[in-house]
A.B. asks: 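First, the structure itself, so that you have it in front of you.
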2 protein chains.
Amino acid sequence: MDAIDLSLVELLRGNARLSYAELARQVGLSAPAVHERVGKLEAGGIIRAYRAEVEPEAIGLAVTALIGIVEDSTADTDDVLEAFRQMPEIESCYFMAGVESFLLKARVGTIAELEQLIVRLNRTPGVASTRTGIALSTKWENRPQPVELPAS
Amino acid sequence: MDAIDLSLVELLRGNARLSYAELARQVGLSAPAVHERVGKLEAGGIIRAYRAEVEPEAIGLAVTALIGIVEDSTADTDDVLEAFRQMPEIESCYFMAGVESFLLKARVGTIAELEQLIVRLNRTPGVASTRTGIALSTKWENRPQPVELPAS
DNA sequence: AGGCTCAGGTCGATCGCGTCCACGGAGAGT
DNA sequence: ACTCTCCGTGGACGCGATCGACCTGAGCCT
């Protein structure tokens, strides 16, 4: 993980569809060298996936909610997690410090679907209570932040 | 935005680096046809970007925090937003229903940097108070959910 | 009905890219 | 100094991206 790897990661965070040839030009290596480096970054789990970022409304996901979860005293955290994993509406899941063990970001098509999701969450064994906030609009999301190169 | 467009979006959400030729095979069109459709999806803002998803720790962003913002009575929401936009640590910004007008997701390298960020947020004109939750771990993030095709 | 126009597809050709392989140089260990 | 290893380069070749020409069906006007 040197400065060149960092540049590659940075470039791909900005545009995942850059060709290897283009990456090579940007970092000053040959295309095969870049290919191998990127392959290692993928294999090493540094690069997890390449995803198209889509306007959620366009695919029928108009409602975004953020949901805090309080576990009850009987809860097995792994089981709760597994239950959340089965719910495709939950796009992100953070394990938090504080009273609320989890914070979930969910996207659904309608408020009615959100209601159903919350009911299911409250019924999940180990869940004591939920607290839901509705996002009226998403100003931005997953903006990549520039990483500073460690000063040489 | 027909069923084929939806399939393309779905495929690219799963893997943004699929070639047009591969996409074409999957949806049963020719490569140029797919090329044109994807171009229109990009131009129409349906596909916003292609991003590599990177393990944050690998690029020196070990601390994830979720921060609720309460505006004061003098606040101009647009100005507050603009101030947030200038802070690169803020990866996502949702405008929320409820007492807290915004919910921010921020990533920084260290707890010390988080402290500095919170100080800056509290100093921002229009911000009355902040409430910060720290994510101990990210179980998953931005998992693409399968979209159901509208029944034909 | 006939024909115009347009949207959106296929086909074919060209050029650049991805990817495999053989080769070479720098640095570390013996 | 020799050699091993790592990491790069350059060449070759097949596939993909992309452009232009052409085809087809739907909708509409006359």
Side-chain angles (χ1 to χ4, degrees), chain A residues 1-61 142 144 146-152, chain B residues 1-61 142 144 146-152:
Chain A
M1 192 68 194
D2 59 7
I4 292 181
D5 282 342
L6 219 45
S7 305
L8 290 173
V9 163
E10 198 65 1
L11 287 164
L12 287 170
R13 286 219 299 168
N15 180 1
R17 278 180 83 81
L18 287 175
S19 68
Y20 290 117
E22 182 58 30
L23 291 170
R25 276 188 287 272
Q26 302 267 342
V27 302
L29 288 183
S30 65
V34 167
H35 186 251
E36 184 171 345
R37 276 173 177 266
V38 172
K40 284 181 183 171
L41 289 170
E42 293 169 359
I46 310 293
I47 295 178
R48 290 203 188 121
Y50 301 99
R51 300 202 180 291
E53 200 180 293
V54 173
E55 189 175 70
E57 292 77 10
I59 54 173
L61 299 172
N142 301 121
V147 295
E148 74 284 12
L149 299 176
S152 60
Chain B
M1 191 68 193
D2 61 4
I4 291 181
D5 282 343
L6 218 46
S7 305
L8 290 173
V9 163
E10 197 65 1
L11 287 164
L12 287 169
R13 285 218 301 166
N15 180 3
R17 277 182 83 81
L18 288 175
S19 68
Y20 291 117
E22 182 58 30
L23 291 170
R25 276 188 286 273
Q26 302 265 343
V27 302
L29 289 182
S30 66
V34 167
H35 186 254
E36 185 172 345
R37 276 174 177 265
V38 172
K40 284 181 183 170
L41 289 170
E42 293 168 359
I46 311 290
I47 295 178
R48 289 202 190 122
Y50 301 99
R51 300 204 181 290
E53 199 181 292
V54 172
E55 189 175 70
E57 292 78 9
I59 53 173
L61 298 173
N142 301 122
V147 295
E148 74 284 13
L149 299 175
S152 62

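Letters A, B, ... are given to chains in the order of the sequence lines, protein chains preceding strands, and every chain is numbered from 1.
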A.B. asks: List the atom of B:R48, the atom of A:P56, and the distance in Å for their closest heavy-atom pair.
C.D. replies: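 In terms of heavy atoms, the two residues are closest at NH2-CD, 3.8 Å.
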
A.B. asks: On the nucleotide C:dA7, are OP1 or OP2 found under 4.0 Å from the side-chain N or O atoms that B:K40 carries?
C.D. replies: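 B:K40 to C:dA7 OP1/OP2: no side-chain N or O under 4.0 Å.
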
A.B. asks: Could you state the CD1-C1' distance from B:I4 to C:dG8, rounded to the nearest angstrom?
C.D. replies: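 My rounded result for the distance is 11 Å.
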
A.B. asks: Encode nucleotides 13-24 of chain D as B, S and - characters from 5' to 3', where the letter depends on protein heavy atoms closer than 4.0 Å: B to the base, S only to sugar-phosphate, - to neither.
C.D. replies: ---SSBB-----

A.B. asks: Separation of A:E36 atom CD from C:dC20 atom C1', in whole Å?
C.D. replies: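 In whole Å, C:dC20 C1' and A:E36 CD are 12 Å from each other.
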
A.B. asks: Does any part of the side chain of B:D2, heavy atoms only, come nearer than 4.5 Å to the side chain of B:R37, both counted from C-beta?
C.D. replies: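 Yes; the side chains approach each other to less than 4.5 Å.
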
A.B. asks: Check A:A24 against A:V34 and note the closest heavy-atom contact, atom names and distance.
C.D. replies: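 The pair with the smallest heavy-atom distance is CA-CG2, 3.5 Å.
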
A.B. asks: Rounding to an integer number of Å, can you tell me how far A:D5 CG sits from D:dG8 P?
C.D. replies: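 It is 8 Å, rounded to the nearest whole Å.
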
A.B. asks: So which heavy atom on B:E53 is nearest to which on A:R51, and how close?
C.D. replies: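 Taking every non-hydrogen atom into account, OE1-NE, 3.0 Å.
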
A.B. asks: Heavy atoms from C-beta onward define the side chain here; which of C:dG9, C:dG8, D:dC7 lies closest to that of A:R37?
C.D. replies: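 Selected nucleotide (nearest to the side chain): D:dC7.
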
A.B. asks: In whole angstroms, how far is the C1' atom of D:dT9 from the CG atom of A:L29?
C.D. replies: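 It works out to 10 Å between those atoms.
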
A.B. asks: Are the side chain of B:R17 and the backbone N or O of A:L18 linked by a donor-acceptor pair below 3.5 Å?
C.D. replies: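 Between the backbone of A:L18 and the side chain of B:R17 there is a qualifying donor-acceptor contact (under 3.5 Å).
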
A.B. asks: Does B:L8 reach the side chain of B:Q26, with side-chain heavy atoms less than 4.5 Å apart?
C.D. replies: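 In short, these two side chains do not touch, never coming nearer than 4.5 Å.
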
A.B. asks: Starting at atom CE of A:M1, determine the distance to atom P of D:dC6, rounded to an integer number of angstrom.
C.D. replies: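 From A:M1 CE to D:dC6 P: 20 Å.
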
